[in-house]
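Inspection log for the structure reproduced underneath, given as structure tokens.
Here is how names work: the chains are called A, B, and so on, in the same order as the sequence lines, proteins then strands, and each is numbered from 1.
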Amino acid sequence: MSASPKPHAPSPHRFLAREHVRKRAEFELIYKTGFKRSGRLMTMFTMEREGGPARLGIAATRKMGAAVERNRAKRLVRELFRHHKPAAALDVVVVPRREMLDASYDRIEAEFLSLLTKRMKPNG
RNA sequence: GUAGUGAGCCGGGCGAUCGCUGUCCGCCUACGCCCCUUACGGGGCUACGGCGCGAGAGAGGAAAGUCCGAACUCCACAGGGCAAUGCGCCGGGUAACACCCGGGCGGGGCGACCCGACGGAAAGUGGCACAGAAAACAAACCACCCGCCGUAGCUCGCAAGAGCGAAGGUGGGAACGGGUGAAAAGGUGGAGUAAAAGCCCACCGCGCGGCUGGCAACAGACGUGGCAGGCCAAACCCCGCAUGGAGCAAGACCAAAUAGGGAAGCUGAUCGAACGGCCCGUUCGCGCUUCCGGGUAGGUUGCUGGAUCCCGUCAGCAAUGCCGGGACUAGAGGAAUGAUCGCUGUCCCCCGCCGCGCGCAAGCGCCAAGGGGGAACAGAAUUCGGCUUACAGGCUCACUGCAGCA
RNA sequence: UGGGGCGUGGCCAAGCGGUAAGGCGCCGGCCUUUGGAGCCGGUAUUCGAAGGUUCGAAUCCUUCCGCCCCAA
């Protein structure tokens with residue numbers, strides 16, 4: 001019964017509300033000033049911030065499919081971010097493409113990581 | 001067994017790991033609030049902040065299309081009329097409806113059953129191309145029949161002349177026929193006539209009248225009329241009924257920063273304007289401080305317990321309603337309700353050991369152990385009631401036709 | 001989520017109950033040495049789709065499909 005300190009740190013693979021990019025103005029800022037690169041399955045924008053946690057925003061447009069398909073894409077991207085969360089204060093916006101729906105999870109994961117590490121290269 | 005009809009229901013299951021959003025419980029904290037203190041500081045409380053291997057919940061039958069009807073908000077509004085829009089057999093149900101139930105009528109099916117925007121064209125206006133004699137005052141035209149006149153012609157006569165008489169003319173009969181056309185003033189058969197016609201007769205259809213049944217739509221039998229006069233109202237319209245407009249991005253509350261508005265005060269030692277020739281002075285502007293209201297970002301609320309769902313009694317053919325008992329059943333907000341695996345049920349597709357049948361054979365067909373792949377339409381956004389559309393596969397009940405057996 | 005609008009040849013379009021104008025383009029011919037211009041002829045439109053009303057529908061009605069705009 002020595003459970004008073006109870007360390008049991010919460011899992012790092014979470015996705016809290018404060019880790020969402022929510023406001024339209026923030027999305028527009030990231031689109032405008034962030035670093036953009038495209039893959040076969042998705043397009044990614046990233047922008048570094050002053051501090052705070054890494055954040056994710058997902059923009060699934062109506063062009064990519066109906067509501068069920070858009071939801072599916074958003075859940076996949078959320079899951080990727082949850083498992084491969086960047087340590088730095090970084091805003092990430094992912095625009096999934098229609099091809100993502102037919103791809104396997106491993107393939108989407110590989111492309112997500114590939115696009116995320118491209119950020120490390122100097123962008124200017 | 002097979003083919004079908006109607007009604008109702010399901011929309012894979014179990015488990016592991018890692019997550020998301022509310023609710024409840026417990027705990028932890030503050031740059032928040034309260035108390036003590038001159039102050040430093042100390043104490044307490046609470047969460048829209050966190051934590052918990054805490055408890056429990058978490059997409060649909062269409063959540064969809066947004067086609068109707070409401071609730072709920074704000075705006076407008078004395079009353080009445082017009083306009084506009086919608087609905088349209090009758091009765092009932094309902095908060096309401098374009099929905100549902102029952103009935104009538106019409107149509108389809110051997111049948112169980114299914115389908116129907118189904119008021120009015122003797123209130124008015126308008127349209128009906130082409131074709132056709134004519135397309136909507138029912139008359140004209142052609143053809144038909146009869147009488148008369150009578151040309152050509154024929155016959156008779158020696159002749160004068162007479163008779164018959166196509167065509168044509170004229171007077172009447174009759175409203176039958178007229179290639180067409182989507183549609184042209186009942187249908188079939190008979191009788192009748194110079195030729196014909198509801199002119200007359202039988203049956204069917206139709207109109208009118210009261211009677212009977214029914215709340216009614218309507219139906220039935222009876223009597224009566226020889227027959228009214230096309231179609232289109234998803235053309236304008238008439239009749240009856242209904243309807244104010246916008247929509248939760250409605251609306252309500254709290255409320256930064258910046259700019260601007262109002263009020264009070266302050267300095268006029270600075271600047272500008274007015275009253276003055278000038279100074280002082282007064283007033284206004286400008287400046288500073290404080291306060292006030294509107295209001296943007298943002299936040300809170302509206303926001304889920306309701307015309308709610310389940311079970312039962314009773315009323316009713318039913319839709320449904322009354323009563324009683326029980327349940328709490330998603331509430332997100334760049335938008336949660338999941339991700340990845342394992343086992344497995346059902347169905348479909350592909351390969352296919354063994355076995356069986358056919359064939360001389362290559363091979364083909366049936367059954368099928370096993371292996372691989374796939375799994376419908378589709379995601380709540382203020383909330384309900386409907387409609388419509390999409391949908392792999394499956395289950396239950398009732399009924400109908402056909403075939404077989406007893 | 002709510003509200004509003006539009007679909008007619010390859011493109012821009014008129015027509016709104018009687019059998020689909022016009023322009024640009026494209027193709028062929030004439031003309032010209034050739035090209036352009038000009039002239040003549042032709043374009044594969046089930047009028048977005050399916051039902052219904054009507055004798056007859058691009059037009060009227062219903063239901064779907066696609067696209068666009070407005071309101072954070």
Closest to side chain of A:A59, choosing from B:U21, B:U340, B:G334: B:G334

For A:L101 and A:R72, which heavy atoms make the closest approach, and how far apart are they? CD2-CG, 4.0 Å

Classify A:L76 by what it touches in the nucleic acid, base, sugar-phosphate, or nothing, heavy-atom distance under 4.0 Å. sugar-phosphate

Can you tell me if A:Y105 is stacked onto the base of B:A339, using a 5.5 Å centroid cut-off and an angle below 30°? no

Listed nucleotide nearest any side-chain atom of A:A67, set B:C18, B:A378, B:A380: B:A380

Going by distance alone, is a donor N or O of one side chain under 3.5 Å from an acceptor N or O of the other, for A:E109 and A:H84? yes

Checking all strands, does A:R62 fall into the base, sugar-phosphate, or nothing category for heavy-atom contacts under 4.0 angstrom? nothing

Under 4.5 Å between side-chain heavy atoms, counting indirect links through other Ile/Leu/Val/Met/Phe/Trp/Tyr residues: same cluster for A:V95 and A:F112 or not? no

Mind telling me if B:G61 is syn or anti? Syn here is a glycosidic angle within 90° of 0. syn

Could you classify B:G276 for me, syn or anti, using a glycosidic angle within 90° of 0 as syn? syn

Which listed nucleotide (B:A339, B:G334, B:A59) is nearest to the side chain of A:N71? B:A59

On RNA chain B, compare the nucleotides closest to A:V68 and A:R75; which residue's is nearer the 5' end? A:R75

With a non-hydrogen cut-off below 4.0 angstrom, is A:R55 in contact with a base, only sugar-phosphate, or nothing? nothing

So A:A66, base contact, sugar-phosphate only, or nothing? Heavy-atom distance under 4.0 Å. sugar-phosphate

Among B:G338, B:G50, B:A335, which nucleotide sits nearest the side chain of A:H20? B:A335

Determine the contact category for A:R24: base if any of its heavy atoms lies under 4.0 Å from a base atom, sugar-phosphate if only primed atoms, P, OP1 or OP2 are that close, otherwise nothing. base

